[in-house]
**Q** 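I have a structure here, written as structure tokens, and I will follow up with some questions on it.
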2 protein chains.
Amino acid sequence: MNPDLTDPVPAPAGKSEASAANAVSALPPVYAPLYQQIKALLMQSLQSGKWKPGELIPSETELAARFKVSQGTVRKAIDELAAENLVVRRQGKGTFVATHEEEKVQFRFLRLSPDAGNRLQPENRILEVRRLRAPAEVARLLALKAGDAVIFIRRLQCFAGAPTIVEEIWLPGNLFKGLTLERLAEYKGPMYALFEQEFGTRMIRASEKLRAVAAEGRISELLQVDAATPLLHVERVSLTYGEQPVELRRGWYLTRDYHYHNELS
Amino acid sequence: MNPDLTDPVPAPAGKSEASAANAVSALPPVYAPLYQQIKALLMQSLQSGKWKPGELIPSETELAARFKVSQGTVRKAIDELAAENLVVRRQGKGTFVATHEEEKVQFRFLRLSPDAGNRLQPENRILEVRRLRAPAEVARLLALKAGDAVIFIRRLQCFAGAPTIVEEIWLPGNLFKGLTLERLAEYKGPMYALFEQEFGTRMIRASEKLRAVAAEGRISELLQVDAATPLLHVERVSLTYGEQPVELRRGWYLTRDYHYHNELS
DNA sequence: AAGTGGTCTAGACCACTTT
DNA sequence: AAGTGGTCTAGACCACTTC
């Protein structure tokens, strides 16, 4: 209602935190636009778990009243959250916290497609789940200290019965207490859905490094290919709110009949 | 000014074409929102070359007057064009047609980064430019007929003096008449900048398929590696306005000291 | 000072979903 | 009918750039 920016954000509580949180936004700060402050407040509710994946968040009019701003301002804040895939708008129904349950979301993070034919659901085989101390490199990528507790998972994915992907996954131990091989093996659906539902950790973004490597040792055995077969190696670091790394995943992809698909724009 | 949607678009000319062009947007069409119709009109001006890469387009107020709608509606249309990287907004200056000259743009399409150290400008060596008849597979990917004229380019890119990428590029002959090895070799800057400046063909989007392959024959010679060295193979189809393919590029990347970087969100 | 994009408001109406 | 997000308007003021 009042765009007076000498008063950072005319919201019920946590006003100064709001503009502080916005200091993330790089520029010569002072005061961020109202809609960015509101976006930061909404993001806090997402991050804190106050609004959980799949849940309905308050309506635009409700939020506008709560923050004492116009609906258009709330709308712009939510627009950006939707553009970042943190929430999903549904006309007539409301705005929902995004979740890894949705099919569309799954294929944003599973980039392997068959050269011919339709996409198949992979069959997962969990080979190993262990608790370890983080090696130096793993610790660095997960922003932990070397020796901190981590969970190590090795799994094999098959498409149409053919072994295609071996993955080694490293998780911060403190975030995933109680994760067992049994729990992983019995869970149907994407692993990230399990993480957000059972452990309250939602992956929202990831950064990957791809290279070509030669198959060797256990990897070639699991994929049932000769040593030295070219494999696509993918190292992924997944992040949750606040750029916090929550998963390191190293995958070896057999790309004889499949390819990694990427859109540039 | 008048949101009466029984009259598809209250714009000076080409009204019906606008809503026809919008039929692209999938849904149970009938009438697209005003801002989408305006977006389509603006896109026509981009596609036709009326507004060229790097040029200033008319201001929001000017366009609002021209189309007889409010500034907010034009604004939303331009917002979407900016989100698709077709135009670039500059506060205080105006809105410009996007160009491949800008540094930021270049790294959207050159994904190879060094494992350590800073990004280097590649040194290009054009090995070969020929006019050929399109093989069946090339024709299919470029939406041509087999046997149509195409231009074939082979080049080698070196980083820090080390041969790193071999690329074979196929272009529709009718769009790139007069493209010679000399012209390519002497041009400084990204190839896509040459294409848009000299041939009026602007690449706006691309689709890539990645896989791991073994080096062989001429490729291994050019990269100075043993046969069977794992290489990252990248097949890219580049599109211009209207989803029209304008380039097929097949690259072999030596990823010993470099990786292909990708952000998932 | 004038022009551009960027933010914000207040209110209207539309399209869709649920009750 | 009521509530939600989606579109559109008209006007105000701000931040930045240029003249």
Side-chain angles (χ1 to χ4, degrees), chain A residues 1-11 19 22 25 27-40 42 55-83 87-98, chain B residues 1-11 19 22 25-40 42 55-83 87-97:
Chain A
M1 195 180 243
N2 176 9
D4 179 359
L5 296 185
T6 52
D7 190 5
V9 65
S19 73
N22 263 0
S25 60
L27 299 172
V30 190
Y31 291 106
L34 247 188
Y35 76 90
Q36 281 188 23
Q37 299 178 32
I38 286 165
K39 179 185 170 190
L42 299 178
E55 285 183 6
L56 181 65
I57 76 171
S59 73
E60 294 179 357
T61 47
E62 158 71 19
L63 290 168
R66 187 179 301 183
F67 294 138
K68 298 206 184 69
V69 300
S70 81
Q71 188 195 341
T73 300
V74 170
R75 188 169 182 75
K76 180 145 187 180
I78 295 179
D79 276 346
E80 292 207 350
L81 295 177
V87 300
V88 175
R89 294 170 164 291
R90 297 196 203 289
Q91 186 173 76
K93 293 175 141 183
T95 301
F96 299 80
V97 182
Chain B
M1 196 175 242
N2 175 10
D4 178 1
L5 295 185
T6 53
D7 190 4
V9 65
S19 74
N22 263 1
S25 60
L27 299 172
V30 188
Y31 289 107
L34 247 188
Y35 76 91
Q36 281 187 24
Q37 299 177 32
I38 286 165
K39 179 185 170 190
L42 299 178
E55 284 183 6
L56 181 64
I57 76 171
S59 73
E60 294 178 357
T61 46
E62 157 72 20
L63 290 169
R66 188 180 300 183
F67 295 137
K68 297 206 184 70
V69 300
S70 81
Q71 188 196 341
T73 300
V74 170
R75 188 167 181 76
K76 180 145 187 179
I78 295 179
D79 276 346
E80 292 207 349
L81 295 177
V87 300
V88 176
R89 317 184 85 127
R90 298 198 203 288
Q91 186 175 73
K93 293 174 143 183
T95 300
F96 299 79
V97 182

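So you know, we letter chains A, B, ... as the sequences are listed, proteins then strands, and number each from 1.
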**Q** Please compare G72(A) and I57(B) by the position of their nearest nucleotide in DNA chain C and report the one closer to 5'.
**A** I57(B)

**Q** Check the distance between dT7(C)'s P and I38(A)'s CD1 and give it to me in whole angstrom.
**A**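 Those two atoms, CD1 and P, are 13 Å apart.
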
**Q** Would you mind telling me which of dT7(D), dG6(C), dT18(D) lies closest to the side-chain atoms of R89(B)?
**A**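 Of the candidates, dG6(C) comes closest.
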
**Q** From the list dG5(C), dT17(C), dA15(C), which nucleotide is the closest neighbour of the side chain of Q91(B)?
**A**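 Looking only at heavy atoms from C-beta outward on Q91(B), the closest nucleotide is dG5(C).
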
**Q** How close do G94(B) and L56(B) get, counting heavy atoms only, and between which atoms?
**A**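 That would be CA-CD1, 3.8 Å.
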
**Q** Give the rounded distance in Å between these two atoms: CG of L56(B) and C1' of dG3(C).
**A**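 After rounding, the reported distance stands at 11 Å.
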
**Q** Let me know, please, whether E60(B) or G92(A) comes out on the 5' side of the other along DNA chain C by nearest nucleotide.
**A**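 Taking each residue's closest nucleotide, the earlier one in sequence belongs to E60(B).
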
**Q** Step by step, work out the side chain to side chain contact (heavy atoms under 4.5 Å, CB included) result for L42(A) and L63(A).
**A** CA-CA 9 Å; L42(A) 299 178; L63(A) 290 168; 4.1 Å; yes

**Q** Could you tell me whether the phosphate oxygens of dG5(C), OP1 or OP2, come under 4.0 Å of any side-chain nitrogen or oxygen in T95(B)?
**A**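 Affirmative; the distance criterion is met.
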
**Q** Grab the CZ-P distance between R90(B) and dG6(C) for me, whole Å please.
**A**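 From R90(B) CZ to dG6(C) P: 11 Å.
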
**Q** With the side chain of K93(A) defined as its heavy atoms from C-beta on, choose the nearest nucleotide among dT17(C), dT7(C), dT4(D).
**A**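 Nearest listed nucleotide: dT17(C).
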
**Q** NA contact type, R75(A), heavy-atom cut-off 4.0 Å: base, sugar-phosphate, or nothing?
**A** base

**Q** To the nearest Å, how far apart are E62(B) CD and dG3(C) P?
**A**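 From E62(B) CD to dG3(C) P: 13 Å.
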
**Q** What does dT17(C) pair with, Watson-Crick or G-U, if both distances are under 3.5 Å?
**A** dA2(D)

**Q** Using whole Å, report how far CD1 of I78(B) lies from C1' of dT4(C).
**A** 11 Å

**Q** Do you know the tightest heavy-atom contact between A32(B) and Q37(B)?
**A** O-NE2, 2.6 Å

**Q** In terms of side-chain heavy atoms of L34(B), which of dC8(D), dG5(D), dT9(C) is nearest?
**A** dC8(D)

**Q** Rounded to the nearest angstrom, tell me the gap between atom CD in Q36(A) and atom C1' in dG6(C).
**A** 11 Å

**Q** From dC8(D), dC8(C), dG5(C), pick the nucleotide closest to the side chain of T73(B)?
**A**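 From the listed options, dC8(D) comes nearest.
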
**Q** Looking at the side chain of S70(A), which of dT9(D), dG6(C), dC8(C) is the nearest nucleotide?
**A** dC8(C)

**Q** What are the two closest heavy atoms between Y35(A) and T73(A), and how far apart are they?
**A**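 What the structure gives for the nearest pair is CB-O, 3.7 Å.
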
**Q** Rounding to an integer number of Å, can you tell me how far L63(A) CG sits from dG5(D) C1'?
**A**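 For the pair L63(A) CG and dG5(D) C1', the rounded distance is 13 Å.
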
**Q** May I ask you to say whether K76(B) pairs ionically with E80(B), meaning some side-chain N is under 4.0 Å from a carboxylate O?
**A** no

**Q** Would you tell me if any nitrogen or oxygen in the side chain of S59(A) comes within less than 4.0 Å of OP1 or OP2 on dG3(D)?
**A**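 Indeed not, no polar side-chain atom of S59(A) lies that close.
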
**Q** Roughly, in whole Å, what's the span from CD in Q71(A) to C1' in dC13(C)?
**A** 12 Å

**Q** Counting side-chain heavy atoms from C-beta on, which of dT4(C), dG5(C), dT4(D) comes nearest to T61(B)?
**A** dT4(C)

